[in-house]
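The structure appears right after this line, and notes come after that.
Computed from heavy atoms alone, side chains included, the values below leave out hydrogens, waters and symmetry copies. Labels below follow one simple rule: chain letters A, B, ... track the order of the sequence lines, proteins then strands, and each chain is numbered from 1.
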Amino acid sequence: MNSFNEAIAQAVAATGAFELEQAKKLITVPTDTEHGNFTLPCFVLARSLHKAPKVIAEELAPKIELPSGISKVEAVAGYLNFFIDRKFLAKSILEAVATKGLDYGHADSNGKIVCMDYSSPNIGKELAFHHLRSTMIGNSLARIYKAAGYKVVRINHLGDWGTAFGKLIVMYLREKRPTDQATLDSLTVKELNILYASFSKAAEAEPELEDEARAAFSKLEKGDEFYHQLWLAFRAATLKELMRIYKMMGVDFDYYTGESFYEDKMPAVIQDLETKGLLERSEERDVVKLDEYKLNPCLIRKSDGSTLYATRDLAAAIYRKKEYNFDKCLYVVDLGQALHFKQVKLVLKKMGYDWYDTLVHIPFGVILNLIDGKWEKGKTRTGKAKLLRDVIEAAQQKILDFINQKNPELENKEQIAQQIGISALTFNDLKNHRLMDVKFDWDSALSFEGATGPYVQNAHVRLCSIMRKAGYDVNLQDVDFDQLSDDAAYELIKLLAQKSEKIRKACETDEPCELAQYSLDIAGAAHKFIHDDRVLGSAEEKSRLFLVKCTQIVLEDVLVLLGLFPVRNM
RNA sequence: GCGAAUGUGGCGUAACUGGAUAGCGCAACUGGCUACGAACCAGUAGGUUGCAGGUUCGAGUCCUGCCACUCGCACCA
């Protein structure tokens, strides 16, 4: 579609009325299909030519030499509307899809490297439902960046270090739990979760427990062997469950380098800060002041000498730059941490790292639950947050009930129900702008109709079903493109043509919702096409079957880019 | 108090980055299966885009000021 834009801009520029760059910038796709495929508003010329825009457009239209593929130009109300030749479009797009397959619309490698830090849950707690956001936005962005030509390094920056472990250790010992190796090896994350919750509860009555926890972490950080052993066991127990859920959700990482990984890399960073004269003593803590940016100081070391979140993120950023030499490093973390990333970036800047600006925080809104008629943020500390595995299970069950009712003979239905269920939850999370809070309620998240994962999956399934029933494969040579120029087919082909720009835009804006909305558009147009245009047994069977095939290919890949599991049967 | 995010029919939201009559989904009402999968399609009704100014040929979109809701702001991550 970009080539059309370019060609039209050149044709318009050839008349002398517009500069090439100016025309390129002004040409857009009109909202109303009545107004053609591309439109060029002529209002900007009104002043210099001292003519009404309407007149300018009317005079210009006949002078334009139409580029190939453009069938006509109309002057309406000051706009020049260009119409694509349907047959030309069908041929060029379907040829491209058939040749490139799932890779159609993907960019060639641009030689750039992007690190992505996402999911990054805390060890010692079960994955709560709200962890879905960072996990699935990051997972989708990783796939989108790859399709846009980047080399992607996927990092799970596990929260496996910090005061939380002090809390767990304090509580574990306080409850006098056995500490032999066999018991430690059999620990489950569920037990840790309970332990964590009971700490929070106990600390309400005895605030001094917080100090004990800080002291315990400090001891751990200083290398206490026994505490280290406990820590290892806590970490292993959580990781096991974590991997199970990631596998189920189709989420992958290249590295599980958590915060503990940077433990031995922090002294050098602190030394560096000291050498550069940035470290200051303030209220018994070591900080880097950011007064010149009107920000609170960035805390580097607590009064007991142990490190903080920011210290570890500094070490991590420096390590990643050295190890992966990224062009860009994304942090898919909720909006509430915007200040933290601002501080970390500015400290890196003060340290003289000119790449500080290539760290990009990709913020997103929180998940809200309807509690007593009000939208509220889910909380892990009270232990009240919905567990991700429970939500997935509920989704799977609901879909399974539906399958049993609609299609009881389906093979593998448990697995398919799980895939559709996870897809539904994921889609619900990705379909709108990241920064919007996600208002979660069971009915709409697990709904089957309208703008949902199942709706898109259903379109894919129906396309697959038609191909299966046809019983043979069609090729490009079998197609008569004149038979694909009716409205339903044309609207669908127009959408297929947009794949590469949708990927590019999703990547530029870091918004998976670009592709989610795109998948809805394709699904809608596909449903309409197979509703309006009978495929099997019609005179246009082969041509239409070919469009079905191409649509299925495009839709499948878009679903994969979103991190869904495209199913062929449901 | 300072900073950030959001505000679009009853509800949930989109609008190709400043373009034409603000698009879609739930919910409501209506029509379409002896039909390639009806988890679908089509239609009706529902809007002063939070408020007030400003910028210009043109503003949901940009600027200023309010209002509402949410989140952050020193030893949690």
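On a pure distance criterion of 3.5 Å, a polar donor-acceptor pair joins the side chain of A/Ser282 and the base of B/rA74. Not a single donor-acceptor contact under 3.5 angstrom links the side-chain atoms of A/Asp532 to the base of B/rA42.
The separation between A/Ile300 atom CD1 and B/rC76 atom C1' is 16 Å, rounded to whole Å. Atom CZ of A/Arg434 is separated from atom C1' of B/rU6 by 14 Å (rounded to the nearest Å). Protein atom NZ of A/Lys469 is 11 Å distant from nucleotide atom C1' of B/rA35, rounded to whole Å. Rounded to whole angstrom, the span from the CZ atom of A/Phe448 across to the P atom of B/rG25 amounts to 19 Å. Between the CG atom of A/Asn5 and the P atom of B/rC16 there is a distance of 15 Å, given to the nearest Å. In this entry the distance linking CD of A/Glu284 with C1' of B/rA74 reads 13 Å, nearest Å. In this structure, the CG atom of A/Leu295 is 11 Å from the C1' atom of B/rC2, given to the nearest Å. Atom CG in A/Leu339 sits about 7 Å away from atom C1' in B/rG72, given to the nearest Å.
In this structure, A/Lys505 reaches the bases: a heavy-atom distance under 4.0 Å links it to at least one base atom across the strands shown. Backbone-only engagement by A/Asn122 is indicated by non-hydrogen atom pairs under 4.0 Å involving sugar-phosphate atoms exclusively. If you check every strand for non-hydrogen atoms under 4.0 Å, A/Asn81 touches a base. Nucleic acid contact class of A/Asn569 (heavy atoms, under 4.0 Å, all strands): base. Residue A/His527 is classed as a sugar-phosphate contact, given heavy-atom separations below 4.0 Å to backbone atoms only. Residue A/Gln337 is classed as a base contact, given a heavy-atom separation below 4.0 Å to a base. Within 4.0 Å (heavy atoms only), A/Pro53 reaches no atom of the nucleic acid at all. Among the atoms of the strands shown, none is found under 4.0 Å from any heavy atom of A/Pro363. Within 4.0 Å (heavy atoms only), A/Thr39 reaches at least one base atom of the nucleic acid. Within 4.0 Å (heavy atoms only), A/Asp313 reaches no atom of the nucleic acid at all. Nucleic acid contact for A/Asp437: sugar-phosphate only, since backbone atoms but no base atoms lie under 4.0 Å from a heavy atom of the residue. Using a 4.0 Å heavy-atom distance criterion, A/Leu308 is classed as a sugar-phosphate-only contact. Within the 4.0 angstrom heavy-atom criterion, no nucleotide atom of any strand lies near A/Leu158.
Taking every side-chain heavy atom of A/Arg47 into account, B/rC57 is the closest of B/rC26, B/rC57, B/rA14. Out of B/rU13, B/rA15, B/rC36, the shortest distance to the side chain of A/Glu514 is found at B/rA15. Of the candidates B/rC57, B/rC41, B/rG12, the closest approach to any side-chain atom of A/Lys439 belongs to B/rG12. Comparing B/rC36, B/rA77, B/rC40 against the side chain of A/Leu536 picks out B/rC36 as the nearest. Distances were taken from every side-chain heavy atom of A/Thr163 (C-beta onward) to each of B/rC36, B/rC76, B/rU6; the shortest belongs to B/rC76. Checking B/rG19, B/rA77, B/rC41 against every side-chain atom of A/Val44, the shortest atom distance belongs to B/rG19. Nearest to the side-chain atoms of A/Val461 among the listed nucleotides B/rG37, B/rG12, B/rC41 stands B/rG37. Among the nucleotides B/rU17, B/rC41, B/rC57, the one closest to the side chain of A/Thr28 is B/rU17. Among the nucleotides B/rA38, B/rC57, B/rA74, the one closest to any side-chain atom of A/Asn296 is B/rA74. In the set B/rA35, B/rG72, B/rU17, the nucleotide with an atom closest to the side chain of A/Thr509 is B/rU17.
The number of heavy atoms from other shown groups lying within 6.0 Å of NZ (A/Lys222) is above 12.
No aromatic stack links A/Phe43 and the base of B/rG58, using centre distance under 5.5 Å and interplanar angle under 30°. By the stacking rule of 5.5 Å between ring centres and under 30° between planes, A/Tyr79 stacks on the base of B/rA20. Between the side-chain ring of A/His340 and the base of B/rA77, no stacking contact exists by the 5.5 Å and 30° definition.
In this structure, B/rU8 shows a glycosidic angle more than 90 degrees from zero, which is the anti conformation.
Nucleotides B/rA14 and B/rC33 are separated by 32 Å at their C1' atoms, to the nearest Å. Nucleotides B/rU61 and B/rG9 place their P atoms 15 Å apart, quoted to the nearest Å. B/rU34 and B/rA28 have their P atoms separated by 25 Å, given to the nearest Å. On the C1' atoms, B/rU44 is 31 Å away from B/rA59, given to the nearest whole Å. When the C1' atom is used for both B/rC73 and B/rA5, the distance is 15 Å, rounded to whole Å. The gap from the C1' atom of B/rU8 to that of B/rC24 amounts to 13 Å, rounded to the nearest Å. Separating the C1' atom of B/rG47 from that of B/rG23 is a span of 12 Å, rounded to the nearest Å.
Nucleotides of RNA chain B nearest to A/Arg214 and A/Leu410 differ in position, and the one nearer the 5' end is that of A/Leu410. For the pair A/Gly336 and A/Met570, nearest-nucleotide mapping onto RNA chain B gives the more 5' position to A/Met570.
Shown here for A/Leu45 and A/Ala17, the closest heavy-atom pair between the two residues is CD2-O, 3.7 Å. Minimum interatomic distance between A/Leu484 and A/Ile493 (heavy atoms only, all atoms of both residues): O-CD1, 3.8 Å. Of all the heavy atoms in A/Ala516 and A/Leu430, the pair that sits closest is CB-O, 3.8 Å. Of all heavy-atom pairs between A/Met467 and A/Lys549, the closest is SD-CA, 3.4 Å.
The partner of B/rG23, taking Watson-Crick or G-U wobble pairs whose two distances both stay under 3.5 Å, is B/rU13. Across all strands shown, B/rU44 forms a Watson-Crick or G-U wobble pair with B/rA28, both key distances being under 3.5 Å. Under the Watson-Crick or G-U wobble criterion, with both distances below 3.5 Å, B/rA59 has no partner in any strand shown. The partner of B/rA74 cannot be assigned: no Watson-Crick or G-U wobble pair with both contacts below 3.5 Å exists in any strand.
Annotation: side chain of A/Leu158 is in contact with side chain of A/Pro121 (closest heavy-atom distance under 4.5 Å).
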Could you walk me through whether A/Tyr309 and A/His340 pass the ring-ring contact (aromatic ring centres under 6.0 Å, His included) test, one step at a time?
CA-CA 9 Å; A/Tyr309 185 33; A/His340 163 74; 3.8 Å; yes

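With A/Val535 as the partner, the side chain to side chain contact (heavy atoms under 4.5 Å, CB included) test is satisfied by one option alone out of A/Glu540, A/Arg544, A/Lys542: A/Arg544.
Below 30°, between 30° and 60°, or above 60°: for A/Phe43 and A/Tyr79 the angle between ring planes is above 60°, a perpendicular geometry.
Annotation: cation-pi geometry satisfied between A/Lys398 and A/Phe448 (NZ/CZ under 6.0 angstrom from ring centroid, within 45° of ring axis).
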